[in-house]
Amino acid sequence: MGFVKGLKCRECGREYAVEPIYVCEFCFGPLEVVYDYDGIKGALSRDMIKSRPQNLWRYRELLPIDGEPTCGLHSGYTPLVRAYKLGQHLGMKELYIKDDTVTHPTLSFKDRVVAIALSKAREFGFDTVACASTGNLAHSVSAHGAAGGFKRFIFIPASLERSKIVASLAYEPNLIAVDGNYDDVNRLCSEVANKYNWAFVNINIRPFYAEGSKTQGYEIVEQLGWRAPDAVVVPCASGSLLTKIWKSFKELKEIGLIDELHSKVYSAQATGCSPIVAALKSGVDVIKPVKPDTIAKSLAIGNPADGYYATQVIKESGGDGEDVSDAEIIDAIKLLARTEGIFAETAGGVTLASAMKLIESGKLDKDASTVLSITGNGLKTKEAIVGHTVEPYHIDPNLKSFEETLKQINALKGS
Ligand SMILES: *Cc1c(COP(=O)(O)O)cnc(C)c1O
């Protein structure tokens, strides 16, 4: 039932059969999955998608597995929230939050990529799954790997947030904490992947894994009533999610599920790790690797694998990018919480704070229907806002004590 034609090098166009490989043997370009879009066009309709269960497998013709999905069956189809209050605050006419902080089993968008990666790993016959992670991937592979009965080797930078380490350990994977940053971990994992016959979801399975990110784009379009937004703001680590949202919009146009595509794609990064936005701002096509230093650890990739392709998508679509400080990230997390009741992790703060800068500078049009991609739950990075929130009121357990405090509250708030 699959519509995958094979793999193709993004640089030289050389074609490969479907295998657990990720770079071109001739030019070392990254490999990408190609589909038979004519076949999909004849096989998939809006009504068919609508009739299916509300998870990411409703778009299965556009995903690179051959048989029935076996992992991540409850991932995806997160809410698209019309953000009236936040929109009003920012002066935006039509603002939405793609809320990947909820619904997913491990509360981040990584459940999208892992659903596809592990289903594909099973088709390839692997019994062990592995990853190099900035945190959310560790959590997701630990969980879905447990449910799928895989052996799991999870590599993380030792400096990760405690909440994310504990969340991963709950599923009892082999968690390897490396003394180094993500880029060190990733380099080590490439060596391990060469030696052991494991499915490294973001190395040898990467072409398939990355396709899972497209489902965020399909959902946005479907939830907008089969319309691509005018603008979408996307947080970037490796840059993969951003490129795949663009790919998803193009595919929906190609197979006739949307008529028009004029979406501008914007990148959001933390100033302490902004190689993609820095390349945009300096107008050069080469991504200069950086040493990450930011509270947005889930985005802390100093040498982004898809960075160059992300800049190309941004230019092709007419978008742009911004970067924001740690203080701006924290303020944005709190703004999103108090206007929309959505508690996002640091990456969500990066997206909103960057969007605010893009709006202020006029790079993002206030009249544009705009979707902010909010990719992970705030409970995963609680430590980032400790000391930056309001404090609880402490009282004795009696009505008198409560009413004294209530008086103070009312006096303070001037009501
Ligand atoms: C991994 C991640 C991203 C983006 O990752 P890419 O490597 O750019 O695809 C965004 N937000 C969160 C919370 C993540 O964990």
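Just follow the structure's listing: the first ligand is 1, and inside any ligand the first atom is 1. Just the heavy atoms: all of them, side chains too, but no hydrogens, waters or symmetry mates, feed the values below.
The part of N136 lying near ligand 1 is the side chain, judged by heavy-atom distances below 4.0 Å. Of all the heavy atoms of K244, none lies under 4.0 Å from any atom of ligand 1, so neither backbone nor side chain is involved.
For the pair S108 and ligand 1, no heavy-atom separation below 4.0 Å is found.
No more than 12 heavy-atom neighbours from other residues, nucleotides or ligands sit within 6.0 angstrom of NZ on K288. A 6.0 Å sphere centred on NZ of K264 holds no more than 12 heavy atoms belonging to other residues, nucleotides or ligands. No more than 12 heavy atoms of other residues, nucleotides or ligands lie within 6.0 Å of NZ in K366, so this atom counts as exposed by the packing criterion.
In the vicinity of S240, heavy-atom distances shorter than 4.0 Å reach the ligand 1 atoms 6 (P), 8 (O), 9 (O). Near A347, the atoms of ligand 1 lying under 4.0 angstrom from a non-hydrogen atom of the residue are 11 (N), 13 (C). Atom numbering of ligand 1 starts at 1 in the shown order; those under 4.0 Å from a heavy atom of G239 are 6 (P), 7 (O), 8 (O). Residue S298 approaches ligand 1 through these ligand atoms, each under 4.0 Å from one of its heavy atoms: 13 (C), 15 (O). Set against the non-hydrogen atoms of L299, the atoms of ligand 1 under 4.0 Å away are 3 (C), 10 (C), 11 (N). Counting atoms of ligand 1 from 1 in the listed order, those under 4.0 Å from a heavy atom of E345 are 13 (C).
Nearest non-hydrogen protein atom to atom 7 (O) of ligand 1 is S238 OG, 2.5 Å. Counting protein heavy atoms only, atom 9 (O) of ligand 1 is closest to L241 N, 2.8 Å. Here the heavy atom of the protein found nearest to atom 11 (N) of ligand 1 is T375 OG1, 2.6 Å. Atom 14 (C) of ligand 1 has as its closest protein heavy atom K110 NZ, 2.9 Å.
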field: side chain to side chain donor-acceptor pair (under 3.5 Å) evaluation trace for T381 with K164
entry: CA-CA 7 Å; T381 61; K164 279 187 184 152; 5.8 Å; no
Stepwise ring-ring contact (aromatic ring centres under 6.0 Å, His included) test for H139 and Y171: CA-CA 9 Å; H139 189 183; Y171 311 91; 5.7 Å; yes
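Below 3.5 Å of separation, one finds no N or O of F109 facing any N or O of ligand 1.
A donor atom on one side chain and an acceptor atom on the other are not found under 3.5 Å apart for Q216 and S248. Side-chain polar atoms of N136 and K380 form a donor-acceptor pair below 3.5 angstrom. E251 and Y59 are not linked by any side-chain donor-acceptor pair at a separation below 3.5 angstrom, with hydrogens and angles left out of the test.
Closest heavy-atom approach to atom 5 (O) of ligand 1 among the candidates G307, A237, S373: A237.
Exactly one residue among S133, S142, S163 makes a side-chain contact (heavy atoms from CB on, under 4.5 Å) with S168. That residue is S142.
Under the 30°/60° scheme for interplanar angles, the aromatic rings of F208 and F124 are found to stand perpendicular.
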